[in-house]
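Below is one structure; the comments refer to it alone.
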Amino acid sequence: MDFLIRAALLCTAVTLIFSKSATASVVFQPGKKAKFVAPGEEQVSETALELYNTAQSAEKEGNLKRAINAYANIVRHHPKDALAPSALYRGAQLQEQTHGYFVAADSYRLLVEKYPGSPHFDEAIEAQFRIGEMYLAGKKKKLLGVVAYGNSLDRAVTIFANIVRSAPHGKYTARAQFDIGLAREKQNVPEMAVEAYQAVVNKFPNEPVAADAQYQIGYIWLMAARKGTTDAAATTNAKTAFQDFLLHYPHSEKASQARANLELLEHKETTSSYQVAKFYDKQKYYRAAVIYYNEVIRQQPGSTESNLAKKRIDQLRAKVGEATLQAALAPPQAGKKKGEAHGARTAGTGSAKPGEANNEAPLPAADSDGSLPPPASLAPDITTAPDHLFAPTSTSTSSDTSSSPAASASPAP
């Protein structure tokens, strides 16, 4: 009876072993017994270790292409192996070293997304930022080969967006978001640049780069106003942005520059209103002229234009009488004033026709600004991330080869 029981147990054990071996892997480690693990759950496989040793040997021989391929095969065929994160990181380092910058950036991205617990997480983010700023600077002739400048900026945006997504609270995240704005400015898409800068202000208000982002929003609108954009809100938006900048960052090194920009914008508004007033005055639309003269006085009291406007209103009062100008001198209703202003902005270029005072009439060409203050700090010629230091080749299974962050991620002054 005992013999039958033992025989049955032995058969059961053999059956379990063979059924398990059909769907599982056997892992061998030096000095340890073989063990079964579920497929894909291997901690260290002999094949991965062989590939890693092959990569290390190829590095010693100077065959970096073969080393990169061996590291890539570990990640591709043994993604859950304990060696995979180190293989991916070291492969990315070698890709960067051999000037495969965009491919390296993508490998670093894969590391932080696939292996967020890797000890190389911070170094991988830092490396992406370094490569992104290189593309942003457009060093195509020296480093990027045949990559066109426009494509270089697109690649920069892709890399910086990956950093923002993968490390939303990281050391380089705010600056990466800011650099997206810089790239969009260089691509001449101001709307997207403003959106990127606004994200910096909204998400990272306490980061030093937020001040630069707020300033740059104002500067973009200032440039739009200078170019005579059809967007009538450009001047207003620029003033609002600079006022917000001075409210939140009164001690910034760009505060005096922001004040100068505001004065320029106010002078632009005043000059424009004064020109319109003179035009209507010349056409003998005196009520319309007085409305714009009053606007000059309101916009910049005490200015030369304001004093001239006051003097001219007194002359018109004496010339045509108080009753004729009464509607213009009285505080205008909000709705009416808005309608009048809209009519003035949308008037055509045909000849003015006689009629009641303040009829719609063509407006003179806007006065162009002679000069503008410089924009906020743009991307420096060199990266603000530390240079990559490559460790000497070794047969060790670890790859701690990056230098620790040593430079600030805030923009250059």
Side-chain angles (χ1 to χ4, degrees), residues 64 68 71 75 84-139 142-144 152-153 155-183 196 199-200 203-204 206-210 212-213 377-393 396 398-413:
L64 300 187
I68 291 171
Y71 287 130
V75 178
S86 294
L88 180 55
Y89 179 68
R90 186 56 183 164
Q93 286 184 305
L94 295 180
Q95 288 168 336
E96 185 179 358
Q97 185 177 349
T98 54
H99 308 309
Y101 299 109
F102 194 63
V103 176
D106 197 58
S107 294
Y108 288 126
R109 173 199 62 80
L110 184 62
L111 177 69
V112 300
E113 292 182 356
K114 194 175 183 66
Y115 307 106
S118 168
H120 301 298
F121 183 95
D122 291 338
E123 290 96 328
I125 292 294
E126 178 185 292
Q128 288 181 81
F129 182 74
R130 177 175 58 249
I131 295 171
E133 284 214 324
M134 184 195 70
Y135 278 107
L136 178 63
K139 297 181 180 179
K142 183 177 180 182
L143 297 174
L144 305 183
S152 173
L153 294 174
R155 290 183 173 187
V157 169
T158 297
I159 293 169
F160 292 134
N162 288 337
I163 294 173
V164 173
R165 184 183 65 255
S166 302
H169 306 291
K171 176 179 178 181
Y172 294 99
T173 309
R175 180 58 196 265
Q177 181 65 55
F178 180 84
D179 282 353
I180 292 175
L182 288 180
V200 177
K203 297 178 181 179
F204 312 101
N206 298 321
E207 291 286 341
V209 75
D212 283 332
S377 302
L378 299 181
D381 291 336
I382 58 174
T383 178
T384 55
D387 290 333
H388 198 63
L389 301 179
F390 294 96
T393 305
S396 169
S398 63
S399 302
D400 296 323
T401 57
S402 283
S403 61
S404 60
S408 170
S410 61

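As a basis for the values below, the full set of heavy atoms in this structure was taken, side chains included, without hydrogen atoms, waters or symmetry mates. Numbers here simply count residues along the sequence, with the first being 1.
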Can you see whether Phe102 has Arg155 sitting over its ring - NZ or CZ less than 6.0 Å from the centre and within 45° of the normal?
yes

Do the non-hydrogen side-chain atoms of Phe160 and Arg175 ever get within less than 4.5 Å of each other?
no

Atom pair CZ (Arg130) and CD1 (Ile125), whose distance is rounded to the nearest 0.5 Å
12.0 Å

What pair of heavy atoms forms the shortest contact from Ala104 to Ile131, and how long is it?
CB-CD1, 4.2 Å

For Leu136 and Ala156, which heavy atoms make the closest approach, and how far apart are they?
N-CB, 3.8 Å

With side-chain contact (heavy atoms from CB on, under 4.5 Å) as the test, would you mind laying out the steps for Asn162 and Thr158 before giving the verdict?
CA-CA 6 Å; Asn162 288 337; Thr158 297; 4.0 Å; yes

With rounding to the nearest 0.5 Å, note down the distance linking CG in Asp212 to CZ in Phe178.
5.0 Å

Is the closest side-chain heavy-atom distance between Phe129 and Asp179 below 4.5 Å?
yes

Using every non-hydrogen atom in the two residues, find where Gly138 and Ser152 come nearest and quote the distance to one decimal.
CA-OG, 4.0 Å

Hey, is Glu126 close enough to Lys171 for a salt bridge, meaning N to O under 4.0 Å?
no

Closest heavy-atom pair, Val75 versus Ala84, reported as atoms and distance to 0.1 Å, is CG2-O, 3.7 Å

Verdict with supporting geometry, Tyr108 and Val112, side-chain contact (heavy atoms from CB on, under 4.5 Å)
CA-CA 7 Å; Tyr108 288 126; Val112 300; 5.9 Å; no

Candidate pair Glu207 and Val200, rule side-chain contact (heavy atoms from CB on, under 4.5 Å), full reasoning
CA-CA 9 Å; Glu207 291 286 341; Val200 177; 6.0 Å; no

What distance separates Arg165 CZ from Arg109 CZ, expressed to the nearest 0.5 Å?
7.0 Å

Taking atom OG of Ser107 and atom NZ of Lys114, what is their separation to the nearest 0.5 Å?
12.5 Å

Of all heavy-atom pairs linking Ile68 and Gly91, the shortest is CG1-O, 4.3 Å

All heavy atoms of Ala210 vs all of Phe204, minimum pair found to be CB-O, 3.3 Å

Checking Thr173 now: which residues fulfil side chain to side chain donor-acceptor pair (under 3.5 Å) with it, not counting sequence neighbours?
none

Atom CD of Gln177 and atom CD1 of Ile163: how far apart are they, to the nearest 0.5 Å?
11.0 Å

Could you measure the distance from the CG atom of Leu111 to the CG atom of Leu88? Nearest 0.5 Å is fine.
5.0 Å

